[in-house]
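This structure is a prediction, so every number in the text was calculated from the model and none was measured.
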Amino acid sequence: QVQLVESGGGLVQAGGSLRLSCAASGRTFSRYAMGWFAQAPGKEREFVAAISWSGASTRYADSVKGRFTISRHNVLNTVYLQMNSLKPEDTAVYYCAADAGALSTVVAGRGDYWGQGTQVTVSS
């Protein structure tokens, strides 16, 4: 069993930056592919970024390429999402996901474990 706890959300002006963190419990964190998803009010949850268990492979949604960076620290059992050049349309609840399988499983939104989410609000 893996528990995920997100933090780092908040209110920021357009053009600003935030760094989200997702802390994971469990001794096998380093074997899990991890990802971030965003759900805006009235919309479906959407893929944002994902990273393989080793950190060697990453995937990004087109809308965040060049602005967001996903990374992980396997000793600290934490995955990060550095969000730069934020836009009002980035406003959403951001969720962390984990899966013991392939990176593609996380990208598809089929991760085995999900956090409770952290709110990001970008004002114009």
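The disulfide bond (SG atoms under 2.5 Å apart) analysis of residues 83-124, with sequence neighbours excluded, yields the pairs C22-C96.
In terms of heavy-atom proximity, L103 sits nearest to S57 at CD2-CB, 4.0 Å. Among all heavy-atom pairs drawn from A50 and V106, the shortest one is CB-CG1, 4.1 Å. Closest non-hydrogen pair, V2 versus A24, comes out as CG1-CB, 4.3 Å. Nearest approach of A40 to A92, heavy atoms of both residues: N-CB, 3.8 Å. Counting all heavy atoms, side chain and backbone alike, Y32 lies closest to A100 at CD2-N, 3.4 Å. Closest heavy-atom contact between L81 and A49: CD1-CB, 4.1 Å.
Scanning for ring pair (Phe, Tyr, Trp, His ring centres under 6.0 Å) contacts around Y60 gives an empty result, with sequence neighbours left out. F37 is linked by a ring pair (Phe, Tyr, Trp, His ring centres under 6.0 Å) to F47, W114, counting only residues two or more places apart in sequence or in another chain.
Figure legend: R72 and F29 shown as a cation-pi pair, the cationic atom lying under 6.0 angstrom from the six-membered ring centre and within 45 degrees of its axis.
A distance of 10.5 Å separates OG1 in T28 from CD in Q1, rounded to the nearest 0.5 Å. In this structure, the separation between CZ on R19 and OG on S7 is 9.0 Å, given to the nearest 0.5 Å. The structure places CD of Q13 at 9.5 Å from OG of S124, a figure rounded to the nearest 0.5 Å. The line from CG of N77 to CD of Q3 is 12.5 Å long, rounded to the nearest 0.5 Å.
Side-chain atoms of R67 come within 3.5 Å of backbone atoms of S85 as a donor-acceptor pair (strictly under, hydrogens ignored). The backbone N or O of G111 lies less than 3.5 Å from no partner atom in the side chain of T105, so there is not a single donor-acceptor pair. E46 places no side-chain N or O within donor-acceptor distance of the main-chain N or O of A38, the cut-off being under 3.5 Å. Checking side-chain atoms of D99 against main-chain N and O of S104 turns up no donor-acceptor pair under 3.5 Å. A donor-acceptor contact shorter than 3.5 Å links the side chain of E6 to the backbone of Q116.
Salt-bridge annotation for D90 and K87: absent, with no side-chain N of the basic residue lying under 4.0 Å from a carboxylate O of the acidic one.
Put simply, the side chain of V12 does not reach to within 4.5 Å of the side chain of M83, judged on heavy atoms. Between T91 and Q119, the closest side-chain pair of non-hydrogen atoms falls below 4.5 Å. Contact of the F68 side chain with the W36 side chain is not registered, since no non-hydrogen atoms from C-beta on lie closer than 4.5 Å.
Following chains of ILVMFWY side-chain contacts shorter than 4.5 Å, one cannot reach V48 starting from V107, and the two form parts of different hydrophobic clusters. Side-chain heavy atoms closer than 4.5 Å link hydrophobic residues (I, L, V, M, F, W, Y) into clusters, and following such links, even through other members, never connects Y113 to W53.
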